Colleague: 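Below is a structure I'd like to ask you about.
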There are 2 protein chains.
Amino acid sequence: MSTRAVCEAAGVQQPVLYRLFGDKDGLLAATVDHVWDQYLGMKRAAAKSEDPLRDIRAGWDSHTAFALAHPHAYTLMVSPGLRAVPEAAAEAMRILREDLDRLAAQGRLRVAPETAARMIMSANTGVSLSLITRPGLYPDTSLSTLVRDAIHAAILAGPATPADPAGDARAAAVTTLLASVGDLTPEPFTAAESALFGEWLTRIPAADPAERPSPAEDLKDRTTS
Amino acid sequence: MSTRAVCEAAGVQQPVLYRLFGDKDGLLAATVDHVWDQYLGMKRAAAKSEDPLRDIRAGWDSHTAFALAHPHAYTLMVSPGLRAVPEAAAEAMRILREDLDRLAAQGRLRVAPETAARMIMSANTGVSLSLITRPGLYPDTSLSTLVRDAIHAAILAGPATPADPAGDARAAAVTTLLASVGDLTPEPFTAAESALFGEWLTRIPAADPAERPSPAEDLKDRTTS
DNA sequence: CCCCCGCGTTATCGTCGATAACACGGGGGT
DNA sequence: ACCCCCGTGTTATCGACGATAACGCGGGGG
């Protein structure tokens, strides 16, 4: 990317760019600020429900959806390249912390809101960046929901393993057998039997689907592209 | 960073750089490859214990420590800027997945090893990057441990199956699934499928501990690959 | 002994980031 | 009405950078 190219695209000459933004880094910084403004605008416009946990979940999903909808802008936003953009990032952290404060006021938080906010934000950016920059390694966007619920379960108070133990044990049994299905070929299973057996194993639901939040909620059209 | 500067620092002229690396991106790519080699070398040299969970925890901590020790190299490594480096990243994921496979073979994993590996890797890079690039927002390194345990708690099977360190997680998984095969009919299995599925389950022998690779073999196998 | 090719050099081109100097044009004080 | 003045945009230019062409040297094989 060259300043000449963006000036030609904007229909002006170079000096106006340097008058407006100082230098090239200034232009990049202004762009990043603009992306942060869009992000924060979406965050501030999010309607709040009476259940802070629901809002926090929606906040995570909207974060991931924003990243997937604007991958280049998002990588710029969280990229460490340019001069500091701490203000917008701190504001995002503050918005998240407000929801966490509400959760803490209800006695449902196990850790300090600041700590919970840092856990959520860092994990969320990590998942989003991975989904964007390594789609070959992370082909499934449901990863976002999995990590989200993992972090939320860790910061929430209450029973350590609230999920039903029956479905939990079943899921563990499925993964155990899936891990060892290779050792079962060619004895006692033929290759075809192992293939079908593995296929059936993946069809076993993990637990009662009504209990846990649906991961099928589409992340796509949560933001305006 | 200019090619002239690195050539002067190396005591050579520009054309040797272009002969060796093609162009500037080639030099950057070679640097990134070198960093990945260091990372993978550390990962491969890590001694494996008899407890895969301990190894996975140590792997997370060494990942974070590597990032904190070489922040610039790490940001280069995970930065999406240059041409693809999928091979080293895939190898890192494979190394992690080997530990997770061992965990799954012991019946202690709730999700598929691939899924668990992606959850761990994405969250770990997210935490490491946050600690590096936003030290003002993430002043405490213990964030890494918190997120680590959150992810691990989410992928680990519940406190069920406390015994069976010796090896019969497979048999336990078989009995678990046998007990719940009735709940799987008529969905997602037809009666005939459930019948065959149950029959196959009974054909699975108890795991033979000698069949599993020993940690020493594991290590040798890794270093040769 | 000479040839040849891997390796390094000097010299140069086009482009880029950044700035100096200048040109236009409309609003406010007298 | 006049002129001053500054905000805005232009042309011209500089130094540095990425990249390449052309050349030179030196040691191993026919």
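These figures come from a predicted structure and were not determined experimentally. Letters go in sequence order (proteins before strands), and every chain restarts at 1.
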Colleague: What nucleotide among D/dT11, D/dC17, D/dA19 has an atom nearest to a side-chain atom of B/Ser2?
Modeller: D/dC17
Colleague: Taking atom types as modelled, find out whether A/Asp140 and A/Ser142 have a side-chain donor-acceptor pair closer than 3.5 angstrom.
Modeller: yes
Colleague: For B/Thr3 and A/Gly11, take the nucleotide of DNA chain D holding the closest heavy atom to each; which residue's nucleotide lies nearer the 5' end?
Modeller: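 Taking each residue's closest nucleotide, the earlier one in sequence belongs to A/Gly11.
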Colleague: Nearest-nucleotide wise, let me know which of A/Ala5 and B/Gln13 is further upstream toward the 5' end of DNA chain C.
Modeller: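 The 5'-side residue here is B/Gln13.
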Colleague: Using whole Å, report how far CZ of A/Arg4 lies from C1' of D/dC17.
Modeller: 12 Å
Colleague: At a heavy-atom distance below 4.0 Å, which nucleotide of DNA chain C is the first touched by chain A, and which is the last?
Modeller: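 Listing 5' to 3', DNA chain C meets chain A from C/dC16 to C/dA20.
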Colleague: Please identify which of these residues, A/Lys43, A/Lys48, A/Arg57, meets the salt bridge (Lys or Arg N to Asp or Glu O under 4.0 Å) condition with A/Asp99.
Modeller: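 Going through A/Lys43, A/Lys48, A/Arg57 one by one, the salt bridge (Lys or Arg N to Asp or Glu O under 4.0 Å) with A/Asp99 is satisfied by A/Lys48 alone.
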Colleague: Within the 3.5 Å criterion, strictly below it, is a donor on B/Thr64 or B/Asn124 matched to an acceptor on the partner's side chain?
Modeller: yes
Colleague: B/Tyr39 and B/His70: aromatic ring centres closer than 6.0 Å?
Modeller: no
Colleague: Can you pull out the residues from residues 22-34 of chain A that lie within a 4.0 Å heavy-atom distance of DNA chain D?
Modeller: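 None - not one residue of the stretch has a heavy atom sitting under 4.0 Å from the strand.
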Colleague: Check whether any side-chain heavy atom of A/Leu100 sits under 4.5 Å from a side-chain heavy atom of A/Ile120, and report yes or no.
Modeller: yes
Colleague: Nearest-Å distance, CG (A/Leu17) to C1' (D/dG9)?
Modeller: 13 Å
Colleague: Using whole Å, what does the distance between atom P of nucleotide D/dC14 and atom CD of A/Gln14 come to?
Modeller: 15 Å
Colleague: Let me confirm one number: the NE2-OH distance from B/His63 to B/Tyr74, rounded to the nearest 0.5 Å.
Modeller: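 If I round to the nearest 0.5 Å, the distance is 2.5 Å.
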Colleague: Does the distance from a Lys or Arg side-chain N to an Asp or Glu carboxylate O, for B/Glu91 and B/Arg44, drop under 4.0 Å?
Modeller: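 Yes, this pair counts.
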Colleague: Would you mind telling me which of A/Gln14, A/Glu8, A/Lys24 makes a side-chain hydrogen bond (donor to acceptor under 3.5 Å, both in side chains) with A/Thr3?
Modeller: A/Gln14
Colleague: Using whole Å, report how far CZ of A/Phe21 lies from P of D/dG9.
Modeller: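 In whole Å, D/dG9 P and A/Phe21 CZ are 12 Å from each other.
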